[in-house]
Structure formats: C-alpha cells, structure tokens
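Single-structure report; data block below.
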Amino acid sequence: MIQEILLAVAGAGVAVAAYVGAAARVVKQYERGVVFRFGRLRGEVRAPGFTMIVPVVDRLHKVNMQIVTMPVPAQEGITRDNVTVRVDAVVYFRVVDAAEALVRVEDYRFAVSQMAQTSLRSIIGKSDLDDLLSNREKLNQGLELMLDSPAIGWGVQIDRVEIKDVSLPETMKRSMARQAEADRERRARLINADAELQASKKLAEAAHQMAEAPSALQLRLLQTVMAVAAEKNSTLVLPIPVELLRFLERATPEPAQPPAAPPSLAPPPLPPVEDLTGPSVDPAPRETRDDLAA
C-alpha cells in the first residue's frame with residue numbers, strides 16, 4: 001500500500017515537472033511575449049522574466065524591442081532638375097507595440113524596408129541636386145515623416161532616417177569640378193581687382209603727399225638706394241633727380257635747319273626739243289609736174 005502511494009506521488013511529481021517544463025517560458029529583457037490561445041490574442045503582453053503558458057493550447061511569440069538598423073538599397077532616380085543620381089540610406093526603427101506588430105502586418109521588417117525604398121525614390125523625384133548634396137537634414141526629416149505615418153499603425157516607430165551617399169555620373173562630376181574652378185577663379189580675380197583698387201588709392205594719396213612735400217620724394221629715393229645696397233653690395237646706384245633731366249632737356253638748343261627757297265609763281269621753263277625730222281622739202285608746182293609727164 002505504501003509502495004503504491006509512493007509510486008502515485010512519484011508519478012504525480014513527474015507529471016507536474018513535465019507540465020511545468022512544457023509551460024515555462026523565459027522572456028529576455030529586450031523582448032516582449034505575445035500569447036495566442038487557439039489563434040486568438042490572449043491577455044496582455046508578457047513582461048520580461050519567467051512566465052507560464054498552457055501547453056498545447058497557447059503559443060508564445062517573442063518580439064524584439066531593440067532598435068533595428070536597416071540599410072536601404074541604393075535607389076536610382078531622376079531629380080527635379082533632370083539629373084540621374086543613385087542614393088542609398090539607412091533607417092533606424094523599433095517596435096513600440098509587440099501585439100500590433102504581429103497582428104497588423106505579416107512581416108514588419110519587410111514592410112518597413114519596402115516602404116523606405118518607395119519613399120526614397122519619391123524624395124529623389126521631388127528634390128533638386130543641390131538639395132541632395134547640401135540640404136540633407138531637411139530631406140531626412142521629410143523622409144522620416146513619410147515612413148512614420150503608416151508605420152505607427154503597425155506598432156513600429158521610426159526613430160531616424162539618414163541619407164548615406166549620393167552617387168553622380170562622371171560627366172556631372174566633371175561639370176561640377178569645372179564650375180567650382182570657375183567660381184574660385186572669379187573670386188580670385190575680384191580679390192586681385194580689389195587689391196589693385198586699394199593700392200591705386202594709396203599710391204594716389206602718396207603722390208599728393210609727396211607733391212605737397214618734395215623732400216619726401218628724396219627720402220623715399222634714399223630708402224630705395226639703401227634697399228638696393230643691402231641686397232647687392234657690388235652695385236653702385238647714382239640717383240639723378242628727374243627735374244635735372246627735364247632742365248637739361250629744355251636747355252639743349254635745337255639744330256639749325258637750312259632756309260627753304262621761296263616758292264615761284266611762274267612755271268619753270270621747259271627744256272628745248274631737238275628736231276629729228278631734218279630740212280623740210282616743198283612740193284613742186286602742179287604745172288611743172290604736168291610738163292614733165294608730157
């Protein structure tokens with residue numbers, strides 16, 4: 001009798017242990033458990049830690065609540081200013097409602113990936129090339145809003161969207177390089193022109209100052225001589241005032257020129273013409289010719 005009781009207790013213990021082993025579940029800290037009983041959502045979402053379910057009847061699905069980093073494949077499109085570009089991005093999202101993520105959508109990861117690719121192509125078509133290159137913060141915010149609107153109904157929250165890289169054709173890269181070079185050349189010319197203008201103003205002020213004080217020109221000349229002597233000691237510089245050269249030029253007499261003959265009013269005589277025909281012979285009278293003929 002005691003042996004039968006002991007076997008019954010042992011059997012009950014084994015049954016309880018088997019039941020507990022089949023019903024016991026452990027949910028990790030970064031997960032949430034969703035229980036379906038006969039296919040229907042049962043109760044609240046199970047918190048992290050040890051939990052129990054009814055074997056065979058209940059099914060526990062664990063949902064990861066960590067932030068998921070999903071790269072978006074590069075999408076090729078045409079911008080609003082008719083430039084072909086290739087853009088890729090990355091999406092950061094997490095599940096905020098485990099039950100909705102399992103019930104509302106079949107595969108929330110695949111759904112977010114497809115929606116991100118479609119939204120990225122839409123952003124490319126609505127933006128200019130300059131916005132894609134320099135105004136990425138605004139485009140990231142717009143892309144985040146486009147993804148977050150439908151995802152919030154799936155129990156998914158979009159934390160951040162970043163455009164990683166914008167690939168341009170080689171011809172467009174060369175054109176942009178030429179444009180940047182031309183712009184830098186233009187700025188360099190403007191800076192040089194501004195420097196020349198300022199230098200000319202300063203030189204004009206210096207010229208007026210030297211005109212009021214002629215001794216300043218002599219001092220400047222002496223400074224130039226000292227600078228030349230410091231560089232090359234073998235060079236001898238003899239400064240000659242410009243006023244002295246002008247004085248010598250004015251003092252030099254001009255060479256005398258022979259007087260010109262007064263013009264004559266009468267035309268010059270023509271040279272004699274030589275007669276090359278010889279003495280002239282008078283023709284014989286008509287009567288004399290008739291007599292000779294008879």
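Quantities reported herein were computed from a predicted structural model and do not represent experimental measurements.
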- Item | Steps toward side-chain contact (heavy atoms from CB on, under 4.5 Å) verdict (Leu168, Val85) | CA-CA 5 Å; Leu168 300 176; Val85 295; 3.4 Å; yes
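- A distance of 9.5 Å separates CZ of Arg59 from CZ of Phe38, quoted to the nearest 0.5 Å.
- Here CG of Leu120 is found 6.5 Å from CD1 of Ile163. Values are rounded to the nearest 0.5 Å.
- Residue Lys62 comes nearest to Val26 through the heavy atom pair NZ-O, 2.8 Å, listed as atom of the first residue, atom of the second, then distance.
- One finds the CZ atom of Arg25 at 9.5 Å from the CG atom of Asp58 (value rounded to the nearest 0.5 Å).
- Note on Trp154: it clusters hydrophobically with Leu41, by side-chain heavy-atom contacts below 4.5 Å among ILVMFWY residues.
- Remark: the backbone N or O of Leu190 is not paired with any side-chain donor or acceptor of Asp194 at under 3.5 angstrom.
- Salt-bridge formation is not detected for the pair Glu205/Lys201: no Lys NZ or Arg NE/NH1/NH2 atom is positioned less than 4.0 Å from an Asp or Glu carboxylate oxygen.
- Between Ala98 and Met65, the closest heavy-atom pair is CB-SD, 4.4 Å.
- No donor-acceptor pair closer than 3.5 Å links the side chain of Gln198 to the backbone N or O of Glu196.
- Taking CZ of Arg80 as the start and CD1 of Ile78 as the end, the distance is 14.5 Å to the nearest 0.5 Å.
- We find the NZ-CE distance between Lys173 and Met176 to be 10.0 Å, quoted to the nearest 0.5 Å.
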- Task: Report the C-alpha distance between Asn64 and Val95 in whole Å, list the side-chain angles of each, state the deciding distance to 0.1 Å, and finish with yes or no for side-chain contact (heavy atoms from CB on, under 4.5 Å).
- Result: CA-CA 7 Å; Asn64 194 336; Val95 177; over 6 Å; no
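- With rounding to the nearest 0.5 Å, the separation of CG in Leu102 from OH in Tyr108 is 7.5 Å.
- Note on Val161: it clusters hydrophobically with Leu133, by side-chain heavy-atom contacts below 4.5 Å among ILVMFWY residues.
- Between Ile53 and Arg42 there is no side-chain heavy-atom pair separated by less than 4.5 Å.
- Pairs of residues two or more places apart, or lying in two chains, that qualify as salt bridge (charged side-chain N to carboxylate O under 4.0 Å, His left out) and include a residue from residues 104-122 are Glu100-Arg104.
- Leu139 and Ser127 make their closest contact through CD2-OG, 3.2 Å (heavy atoms, listed as atom of the first residue, atom of the second, distance).
- No donor-acceptor pair closer than 3.5 Å links the side chain of Ser122 to the backbone N or O of Thr118.
- For residues 41-63, the ring-ring contact (aromatic ring centres under 6.0 Å, His included) pairs, not counting sequence neighbours, are Phe36-His61.
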- Between Gln179 and Asp183, is a side-chain contact (heavy atoms from CB on, under 4.5 Å) present by the stated rule, with each step listed? CA-CA 6 Å; Gln179 179 183 0; Asp183 184 65; 5.6 Å; no
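- The minimum heavy-atom distance linking Met52 with Ala24 is given by the pair SD-CA, 3.6 Å.
- Taking the side chain as every heavy atom from C-beta outward, Asn140 and Glu144 never approach each other to under 4.5 Å.
- Around the CZ atom of Arg37, the shell of radius 6.0 Å holds more than 12 heavy atoms that belong to other residues, nucleotides or ligands.
- The local environment of CD in Gln114 is crowded, with over 12 non-hydrogen atoms from other residues, nucleotides or ligands closer than 6.0 Å.
- Ion pairing between a basic and an acidic side chain is recognised when a charged N comes within 4.0 Å of a carboxylate O; Arg94 and Asp159 show such pairing.
- One hydrophobic cluster, built from ILVMFWY side chains closer than 4.5 Å, holds both Met70 and Leu143.
- The cluster map of Ile, Leu, Val, Met, Phe, Trp and Tyr, joined by side-chain heavy atoms under 4.5 Å apart, puts Val45 and Leu60 in different clusters.
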- With side-chain contact (heavy atoms from CB on, under 4.5 Å) as the test, would you mind laying out the steps for Asp128 and Thr79 before giving the verdict? CA-CA 6 Å; Asp128 295 331; Thr79 60; 5.8 Å; no
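- Annotation for Arg184: atom CZ does not count as buried by contact number, only 12 or fewer foreign heavy atoms lying within 6.0 Å.
- With hydrogens and angles ignored, the 3.5 Å screen pairs no side-chain donor or acceptor of Ser119 with any backbone N or O of Ala116.
- With sequence neighbours excluded, no residue forms a salt bridge (Lys or Arg N to Asp or Glu O under 4.0 Å) with Arg174.
- Linking ILVMFWY residues whenever their side-chain heavy atoms come closer than 4.5 Å, directly or via other members, places Val87 and Met172 in the same cluster.
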